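Notes follow the structure.
What you see is a predicted model; the values in this text were computed from it and never measured. Worth knowing before you read on, the calculation uses all heavy atoms, side chains too, and leaves out hydrogens, waters and symmetry mates.
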Amino acid sequence: MKISKFAVTIALAAITIPGLVQAQKPMTPPHIMIVPDLIYCKAHGFVQTFDNNGVTEEIPDYEKALTEDPSLHGAITQIASLINQRNGDIVIIDLQECINNTKKDAALSSANGGDQSESIEEAIIRNSNADILIKLQFDLLKSGPNYCVSYTIRGTDAYTANTFAPLEGTGKESTSANPVLLLHEAVQESMDDFLSRMLRYYSSMNKKGRMVAFDIKTTSTSAHNMNSILGELSLREAIDDFLYDNSVDGGGLERVKGGNTFLQYEGVYIPLTASIRGRVRRQGAKDVAQRLTNHLASLGVTADYKIIGLGKVNIFIR
């Protein structure tokens, strides 16, 4: 049974949340991007290494996967088609387009002396501006003269990497050895349930906000520290009050570590939409980071920011 547009509208309706920036209008549908799961990429050799603060990690090489695996491209297209058939309002972001945009950004950043603190995977996710990633894994299995496909589809929060609504199974046997066709036949009966769970997760996110980590540091040459007095407040208090006013009821602010030179918020729950330059818009970590640096500038404190992936903000107080 297909999900009715009326049901989707109800599921995506905005919940009124107290706060200075919460938008009072119906939510837009989720923006999603379909990507191969890391397990799939490892199994097929589509990975690259990344130095994460001295720890070597394997991350998906999405560009290599799309270039060298025509079945993967077809499978992603099939999943996108099944979603569109059931709900044409959901925005599906093209992975290849995000890869191309990331390569352009990387070239510009390199020309301007950019750092290497963000992995290529994180950069692609950041360029997608997705709410949800759908991570896909599938295998073609042979049983005598017949074939079938096993699959796993995982909904993943693009900001936190938290997994929800996993869908897995094995399709019926067939004489066809086309993994894309077999995947379509295997998944289509379960897609309604998967989308229902995905929309429930998105609706919950609309109520409580999306979680963004903030890592705020003073540099060695900064004239300020977290105890510096700015008018009636310390710098620490000014930052804390700003994040409270730009969150859903201060959600997440209690999970903070701090010292004289740093504040680390594990995850502040920010509204999905906000009034930005007088208009209600979709909101991400970058928007809050920009407003925070503007606010600090109004207090005489110079700061800049860097977004890692979608869900982490690094702010440097100069």
Side-chain angles (χ1 to χ4, degrees), residues 19-22 31 50 52-53 98 101-102 105-106 109 112 114-133 156-162 205 208-219 222 224-226 230 234-259 261-277 281-299 301-318:
L20 296 183
V21 298
Q22 176 64 22
H31 288 51
F50 172 66
N52 185 5
N53 296 318
C98 287
N101 290 338
T102 300
D105 286 353
S109 176
N112 288 278
D115 63 51
Q116 302 296 318
S117 60
E118 182 182 48
S119 73
I120 292 177
E121 180 192 17
E122 289 171 327
I124 291 171
I125 293 171
R126 173 171 52 79
N127 270 286
S128 75
N129 201 26
D131 300 299
I132 292 168
L133 302 178
T156 306
D157 189 316
Y159 278 66
T160 65
N162 290 338
M205 190 192 304
K208 69 179 183 180
R210 66 166 103 246
M211 192 170 78
V212 176
F214 287 84
D215 190 349
I216 306 168
K217 300 176 181 177
T218 61
T219 62
S222 175
H224 302 281
N225 61 52
M226 293 302 168
L230 309 172
S234 68
L235 176 56
R236 180 194 313 274
E237 292 170 329
I239 291 171
D240 202 70
D241 285 358
F242 176 89
L243 290 178
Y244 187 98
D245 292 340
N246 284 266
S247 67
V248 179
D249 293 338
L253 266 73
E254 71 281 359
R255 298 190 302 274
V256 59
K257 298 177 182 178
T261 61
F262 74 98
L263 287 173
Q264 292 178 329
Y265 294 87
E266 179 181 329
V268 178
Y269 288 88
I270 67 170
L272 271 64
T273 59
S275 178
I276 301 173
R277 298 188 299 280
R281 307 174 191 260
R282 280 171 49 86
Q283 173 176 247
K286 181 179 180 180
D287 300 298
V288 178
Q290 183 64 66
R291 289 200 300 274
L292 176 53
T293 55
N294 291 347
H295 176 64
L296 292 175
S298 73
L299 300 175
V301 177
T302 300
D304 50 38
Y305 67 88
K306 180 176 177 61
I307 309 298
I308 306 296
L310 281 171
K312 183 176 181 180
V313 176
N314 288 341
I315 292 182
F316 307 96
I317 297 174
R318 304 300 182 185

Mind checking what makes side-chain contact (heavy atoms from CB on, under 4.5 Å) contact with [X], not counting sequence neighbours?
X: Ile120; result: Gln48, Ile124
X: Ala238; result: Leu299
X: Lys217; result: Asp215, Phe262
X: Asp157; result: Tyr159, Thr160, Asn162, Tyr201, Met205

Rounded distance [0.5 Å steps], CD in Gln283 versus CZ in Arg291: 4.5 Å

Working to the nearest 0.5 Å, report the span between CZ of Arg236 and CG of Leu263. 5.0 Å

Those residues that, when tested against [X], pass side chain to side chain donor-acceptor pair (under 3.5 Å) (two or more places apart):
X: Arg318; result: Asp304
X: Asp240; result: Tyr265
X: Thr102; result: Asn127
X: Tyr305; result: Gln290

The residue among Ile239, Val256, Val288, Leu253 that forms side chain to side chain contact (heavy atoms under 4.5 Å, CB included) with Phe214 is Val288

Taking all non-hydrogen atoms of both residues into account, name the closest pair between [X] and [Y] and its distance.
X: Lys208; Y: Tyr269; value: O-CB, 3.1 Å
X: Cys98; Y: Ser128; value: SG-CA, 3.4 Å
X: Val268; Y: Ser247; value: CG1-CB, 3.6 Å
X: Gly309; Y: Arg126; value: O-CB, 2.9 Å
X: Val212; Y: Ala285; value: CG1-CB, 3.7 Å
X: Asn314; Y: Phe316; value: CB-CZ, 3.8 Å

Does any part of the side chain of [Y], heavy atoms only, come nearer than 4.5 Å to the side chain of [X], both counted from C-beta?
X: Arg282; Y: His31; result: yes
X: Asp131; Y: Leu310; result: no
X: Leu235; Y: Leu296; result: yes
X: Asn129; Y: Lys286; result: no
X: Ser119; Y: Asn52; result: no
X: Asp287; Y: Arg281; result: no

Salt bridge (charged side-chain N to carboxylate O under 4.0 Å, His left out) partners for Glu237, two or more places apart: none

Who are the ring-ring contact (aromatic ring centres under 6.0 Å, His included) partners of Phe242, not counting sequence neighbours? His295

